[in-house]
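As the structure is a prediction and not an experimental result, all values here were calculated from the model.
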Amino acid sequence: MTHAPSELLDPELDGDRSTPDAEADALLVGAVDLHQHPGPSPFPRRMSLLDAARDASDAGFEVIVAKSHHHSMVTDILALGPAGLDDLPVEVRGGIALNQSVGGLNPYAVELALRMGGRIVWFPTLSSAAHIDHHRGHDTGFPTPVVELRQNEVLSILGDDGEVLPEVHDILSIIAAEQAILTCGHLGVEETTKLIAAARGAGIERILVNHPCFVVGASVEQAAEWSRQGAHIEHCLVMYFGRPERRRELDELLAFIKAVGPERTVLSSDSGQRNNPLPVTLFRRGARGLLDAGLPEADIRRMLGANASGLVNR
């Protein structure tokens, strides 16, 4: 396995990258990470978009998706094509998160991002009621901006009558037409449930629930129900293989996998933040951890790559 540039690797965060593990490394060939956070960003990041792509390419990844909570990274990706992205074997895709900095539930911004090559729409993250409630009054480890920005205000996909808003239906029609991936962002359980129903009604087949046990607040049983309705359930490796003081129990992840099934589970890194291990480090640790837990190699490959590949590729 070729390692990341030395200036990227942090001995405290990525030290095990120097330890040979051919079995885990083999499972990264063809991997797909639908949830990376490279720079540029108002949040502090460890890696640039080009650094992230080079590291993933060296490990044999098929696709990475660059996510910003604040802006569409589709144009960043297009601008970096001639600067080196186009020369790498890994495919780099982007999308748009529907927070206030892009106009919120803005079908015009969605249309532009997807028709310029974006593949994912994240419904409100920083601006969801669940996110704001979760981060109010206690340390969650979530980054803070290094530039001065206004406080996020709650964006709901529901009107006062509890029904999905007209502008959301407009956005859903664009996602369906572009065969893009709808993700439920940081919406809580009620909004996620209603969004999935509306998405299915709009003919959207690529639906992803982000990290159900972080911010979203979903139980194992709820995640399994969403999977039966056609959604894939994403879990973020940074939560289970990141910094020791922030790690959740692996048994939690294994319980979700058992209930939902490997065929509906997607593993992503959700990393790139200054104080977290690099995405490839987390995929490598995830592969090793799941092997040690007794999961079959075929299931691990499916969750690290094949399922996400089926979503992101037309």
Side-chain angles (χ1 to χ4, degrees), residues 3-5 8-10 13-14 17 28-81 84-85 88-97 99 113 117-122 125-126 141-143 180-181 183 185-186 208 210-211 214 232 234-243 246 266-287 303-305 307-309 311-313:
H3 295 301
L8 280 188
L9 289 170
D10 182 328
L13 298 174
D14 308 286
R17 287 281 289 275
L28 304 195
V29 176
V32 175
D33 190 354
L34 294 181
H35 196 156
Q36 288 198 8
H37 286 289
S41 170
F43 289 150
R45 301 304 190 200
R46 280 192 65 189
M47 58 189 189
S48 71
L49 182 55
L50 193 53
D51 288 331
R54 286 171 174 157
D55 197 22
S57 178
D58 285 346
F61 279 49
E62 176 190 342
V63 182
I64 64 171
V65 175
K67 176 184 178 182
S68 170
H69 291 287
H70 298 90
H71 73 289
S72 165
M73 294 198 80
V74 174
T75 49
D76 299 70
I77 292 166
L78 292 172
L80 281 173
L85 277 187
L88 297 174
V90 68
E91 185 176 3
V92 182
R93 307 304 295 264
I96 187 167
N99 296 308
R119 292 294 295 133
I120 297 188
V121 177
W122 293 273
T125 59
L126 308 181
F142 203 81
I181 304 169
T183 85
H186 293 188
L208 187 66
N210 300 122
H211 44 63
F214 176 66
H232 282 76
E234 176 202 65
H235 296 280
C236 298
L237 294 166
V238 72
M239 293 168 51
Y240 301 98
F241 301 98
R243 289 178 289 157
R246 293 283 181 186
V266 169
L267 299 177
S268 302
S269 71
D270 194 6
S271 187
Q273 303 87 353
R274 182 169 293 169
N275 296 320
N276 281 328
L278 292 169
V280 172
T281 301
L282 292 166
F283 264 70
R284 195 171 190 257
R285 289 178 186 169
M303 294 185 290
L304 291 179
N307 290 339
S309 180
L311 290 171
V312 77
N313 292 313

Which residues pass the side chain to side chain donor-acceptor pair (under 3.5 Å) test with [X], sequence neighbours left out?
{"X": "Gln36", "answer": "Asp33"}
{"X": "Ser268", "answer": "Glu234"}
{"X": "Ser48", "answer": "Asp51"}

### Message
Apply side chain to side chain contact (heavy atoms under 4.5 Å, CB included) to residues Ile64 and Val280 and explain how you reach the verdict.
### Response
CA-CA 11 Å; Ile64 64 171; Val280 172; over 6 Å; no
### Task
Go through the steps for Val63 and Arg119 under the test side chain to side chain contact (heavy atoms under 4.5 Å, CB included), then give the verdict.
CA-CA 12 Å; Val63 182; Arg119 292 294 295 133; over 6 Å; no
### For Glu62, salt bridge (charged side-chain N to carboxylate O under 4.0 Å, His left out) partners two or more places apart
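Per chain and number, Glu62 pairs via salt bridge (charged side-chain N to carboxylate O under 4.0 Å, His left out) with no residue.
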Spacing of [atom1] belonging to [X] relative to [atom2] belonging to [Y], to within rounding of 0.5 Å:
{"X": "Arg93", "Y": "Ile77", "atom1": "CZ", "atom2": "CD1", "value": "8.0 Å"}
{"X": "Asn99", "Y": "Thr125", "atom1": "CG", "atom2": "OG1", "value": "3.5 Å"}
{"X": "Leu282", "Y": "Asp270", "atom1": "CG", "atom2": "CG", "value": "9.5 Å"}
{"X": "His35", "Y": "Asn210", "atom1": "NE2", "atom2": "CG", "value": "6.0 Å"}
{"X": "Met47", "Y": "Arg274", "atom1": "CE", "atom2": "CZ", "value": "13.0 Å"}
{"X": "Leu80", "Y": "Thr75", "atom1": "CG", "atom2": "OG1", "value": "10.0 Å"}

With sequence neighbours excluded, what pairs up with [X] under the side chain to side chain contact (heavy atoms under 4.5 Å, CB included) test?
{"X": "Arg246", "result": "Asp139, Arg243"}
{"X": "Ala31", "result": "Phe61, Phe283"}
{"X": "Thr281", "result": "Asp14, Asp16, Arg17, Pro277, Leu278, Arg285"}
{"X": "Ala308", "result": "Val32, Leu34, Val266"}

### Query
Can you tell if the side chain of Leu237 reaches within under 4.5 Å of the side chain of Leu304, non-hydrogen atoms only?
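Side-chain contact under 4.5 Å: yes.
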### Message
Less than 4.5 Å apart, side chain to side chain, heavy atoms only: is that true for Met73 and Pro40?
### Response
yes
State, to 0.1 Å, how close [X] and [Y] come at their nearest heavy-atom pair, and which atoms those are.
{"X": "Asn276", "Y": "Leu13", "result": "O-CD1, 3.6 Å"}
{"X": "Ser269", "Y": "Cys236", "result": "O-CB, 4.2 Å"}
{"X": "Val92", "Y": "Ala53", "result": "CG2-CB, 3.8 Å"}
{"X": "Gly94", "Y": "Val74", "result": "C-CG2, 4.0 Å"}

Partners of [X] by ring pair (Phe, Tyr, Trp, His ring centres under 6.0 Å), sequence neighbours excluded?
{"X": "His70", "value": "Phe43"}
{"X": "Tyr240", "value": "none"}
{"X": "His69", "value": "His37, Phe142, His186"}
{"X": "His235", "value": "Phe256"}

### Message
Under a 3.5 Å distance rule, please check whether Arg46 uses its side chain to pair with a backbone N or O of Leu8 as donor and acceptor.
### Response
yes
